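What follows is a single structure, written as structure tokens, with notes after it.
Letters A, B, ... mirror the listed sequences (proteins, then strands); counts begin at 1. None of these values were measured; they are calculated from a predicted model.
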Number of protein chains: 4
Amino acid sequence: MSAPKTKRQQASEQRRQAILDAALDVFAAEGFTAARLDDVAAKAGVAKGTIYLFFKDKEELFEQIVVAAISPVLARLEALAEAETMPLDQVLETVFAFFQSEVIATWRRDVIWLVLSEGRRFPRIAEIYHRMVISKGLGIIRRIAENAYKRGEISSDELVRFPHLVFAPLIMALIWNGLFAKYQPLDVADLLNTHRQLLMRTAAAQPKED
Amino acid sequence: MSAPKTKRQQASEQRRQAILDAALDVFAAEGFTAARLDDVAAKAGVAKGTIYLFFKDKEELFEQIVVAAISPVLARLEALAEAETMPLDQVLETVFAFFQSEVIATWRRDVIWLVLSEGRRFPRIAEIYHRMVISKGLGIIRRIAENAYKRGEISSDELVRFPHLVFAPLIMALIWNGLFAKYQPLDVADLLNTHRQLLMRTAAAQPKED
Amino acid sequence: MSAPKTKRQQASEQRRQAILDAALDVFAAEGFTAARLDDVAAKAGVAKGTIYLFFKDKEELFEQIVVAAISPVLARLEALAEAETMPLDQVLETVFAFFQSEVIATWRRDVIWLVLSEGRRFPRIAEIYHRMVISKGLGIIRRIAENAYKRGEISSDELVRFPHLVFAPLIMALIWNGLFAKYQPLDVADLLNTHRQLLMRTAAAQPKED
Amino acid sequence: MSAPKTKRQQASEQRRQAILDAALDVFAAEGFTAARLDDVAAKAGVAKGTIYLFFKDKEELFEQIVVAAISPVLARLEALAEAETMPLDQVLETVFAFFQSEVIATWRRDVIWLVLSEGRRFPRIAEIYHRMVISKGLGIIRRIAENAYKRGEISSDELVRFPHLVFAPLIMALIWNGLFAKYQPLDVADLLNTHRQLLMRTAAAQPKED
DNA sequence: AATGAATGAGGCTTCATTCAT
DNA sequence: GATGAATGAAGCCTCATTCAT
């Protein structure tokens, strides 16, 4: 139903996507204000005016970058939500692996950087990202942790109250790679394994006994 | 040694500081590119040209904001370094309290946001911040953790290898407050207490036995 | 003689006219430069490219608006020319009534406004309008006045030498309505009656005696 | 009190005036939309940015052209207002002479053209011009006509009710010169003399007798 | 013939930087 | 030193015109 039929529509959709791809590159590299739409157009292989056939102005283009980037992530979250009864340790392993291979090493990283660095000046973007990604992701991990807690897999409700703690080292790793890796490399795989051990050892150490 | 002598020198130093204070406000609010030197000058109560008496250009002003903001922090770090043998739990309590009262609620928060959001485009700033703050802070925590580990206060070397894990929730709290608090408040005190419990329970649970 | 034969030709002529009608609206409202052909096309119910099937460019479209608008007026002038021996007073009454009901209250007003406001920058338009409307109209009134003068209906040759004086209050009324009526309404009927009385009393007062 | 004192202030005022002069030229020649601020700046001998030190944007510059042009005219109107008891014929002669030498042949003509051709799209300008020039001028002529009528100098109250009729041929002459003089010259002096005779013969013809 | 997506030149406006006072 | 008026390069956005469908 939303699949474009005619060649015209297909070509148009391809152009739109090319602009979004180029814009993500340029905006991530330069930031919203310093990014030049000339560069976006050049990188997308279209004329300047073409951008305005799809987006009202620079700001809407920026928002749509984030919106467009979120959609595919949502599918992943849905899949994760299915795993509510999976062992916590296994969930963490899956999530951390996904983060390393599919986020920190790909264009998804750039989207997060954009939200991080421009979100305060574009509350709409922060709001969208929170509503569609953050709150959902936290909710899923919270439910998984809750189940693990009830099963006695973990001994305390810390992650139930603050699922944020699961993600903190992920976002830190992403920031470190962006800012400091040049001066002091960080073994993200090791970091995240250690983080997981830390979370899980806590669990194993104090088996629930009530 | 660096104390200004004459009144003129003092007045000059005050102007310089007023510009830096104003610039921190404006740059943090708008980002480097969107920040207008007109606004900085107005907020500092000086003429636009005066800025150029102290700073070569906009970029140098930006760098000096960070440099100037770091100096006072260094003193804190030195003090913390003295505490190498303090119990880890107590160190964490001190550090987290400082973070809540002196970072997340003050202009220091803005400095961190600037490094976060502009650091990738201004490697010199990232480099300075890493060299003067990050690596020192991590080093101190690592040594404290190492001592605690040797004393048997904690049961594993995780924090020795990745002292980053101590700070991850701090940076996450700061980001959350900047981006998402409007939509979903976060009890930072509770979060950090929980984080500390999590770190320390690990320690207590498995007394070192090798 | 110029009647389109085939249905296709008729449809084409209708499109052309629709474009001209729309263009008159848009150009009158915005002026030549600010008028957007997008708006013209939308209002005419055609695609933008269609305009270029009938008119070489924006400027030619503008010219043709005026040309097309003039043709129907010419018929009126012809009719008036037949009335060369009609009493001057009656002619004025007829002309002024026509002006009030058929010019100042209709799209003809817009044509005049276009000529007024853009004529200096588009001499071709001024020239066309002068040749086809102004000079003819003035000539007719001059001849009528001349006849009236010869008959002794009016006592002086002022209107023979300057038939412009008959029209001056008309154009002034049109301008006033366009610019100042909002701030100070003008009773055009009263104005024109007064104007006519003024012209005719002159006539009646001094019967020709040579 | 409003005289600039320092050299700086004088130079600034001169620049402002140079910009206004240049802008009148360019706007009158091209119309508001087609006028290019680049051209204004070049003609005024300043940089583009300098315009924005004095005027918020193109539209404010446009308004200020008219406002600045009106001020000197006001003095003339005041002087005319003093002449309330002067014989009507003499007033008309004075006004018409002024119009020929000081309006139709100078930059004042351009101001009127601007009001004429752009006033509908810039109601503020029409409003200003009406309030400061039109209504005042009409009021003065009305009072002068009223006095003449009371004195019996003119036999009817037509000009009291519609002082507009005095000015109609003036505006017509201005328009003619702008649009049609190339194709058919107009002897403005003769036209205005004839107009005056027409107005005054009416008066003489029917001496007031009540 | 008719369409409307695509183009890219051009204009308004901003703002970092300079420099005469 | 301090000022702030002046500069002009640069960027966003519009819109007349073209052309593949």
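Residues that satisfy the side-chain contact (heavy atoms from CB on, under 4.5 Å) test with A:K43, not counting sequence neighbours, are A:A22, A:D25, A:V26. A search for ring pair (Phe, Tyr, Trp, His ring centres under 6.0 Å) contacts involving C:F32 returns C:F27, C:F62, C:F122, not counting sequence neighbours. A search for side-chain hydrogen bond (donor to acceptor under 3.5 Å, both in side chains) contacts involving B:R121 returns B:E118, not counting sequence neighbours. With sequence neighbours excluded, the residues forming a side-chain hydrogen bond (donor to acceptor under 3.5 Å, both in side chains) with B:D21 are B:Q17, listed by chain and number. The salt bridge (charged side-chain N to carboxylate O under 4.0 Å, His left out) search around D:R16 returns none, not counting sequence neighbours. A search for side-chain contact (heavy atoms from CB on, under 4.5 Å) contacts involving D:T33 returns C:T33, C:A34, not counting sequence neighbours. Among residues two or more places apart in sequence or in another chain, the ring pair (Phe, Tyr, Trp, His ring centres under 6.0 Å) test is passed with B:Y52 by none.
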Can you pull every protein N or O that's under 3.5 Å from an N or O on nucleotides 18-20 of chain F?
none

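Pairs passing the salt bridge (charged side-chain N to carboxylate O under 4.0 Å, His left out) check and including a residue from residues 56-69 of chain A, sequence neighbours excluded, read A:E63-A:R124. Screening residues 28-38 of chain D for salt bridge (charged side-chain N to carboxylate O under 4.0 Å, His left out) gives D:R36-D:D39, D:D38-D:K48 as the qualifying pairs, with residues at least two apart or on separate chains.
An end-to-end axis angle of 0° holds for the helix from E:dA2-F:dT21 to E:dT21-F:dA2, taken from five base pairs per end and rounded to 10°.
Here A:R15 reaches the OP1 or OP2 of E:dT7: one of its side-chain N or O atoms lies under 4.0 Å away. Within the 4.0 Å cut-off from OP1 or OP2 of F:dT3, at least one side-chain nitrogen or oxygen of B:T50 is found.
Residues C:I125 and C:I65 have side chains not in contact (no heavy-atom distance under 4.5 Å, counting atoms from C-beta outward).
Along DNA chain E, the nucleotide closest to A:A47 and the one closest to D:D57 are compared, and the more 5′ of them pairs with A:A47. Along DNA chain F, the nucleotide closest to A:E59 and the one closest to B:S12 are compared, and the more 5′ of them pairs with B:S12.
Of all the residues in residues 21-45 of chain B, not one reaches under 4.0 Å from DNA chain F with any non-hydrogen atom.
For the pair A:S12 (side chain) and A:R8 (backbone), a donor-acceptor distance under 3.5 Å is absent.
Within 4.0 Å of C:L53, counting heavy atoms only, lies at least one base atom of the nucleic acid.
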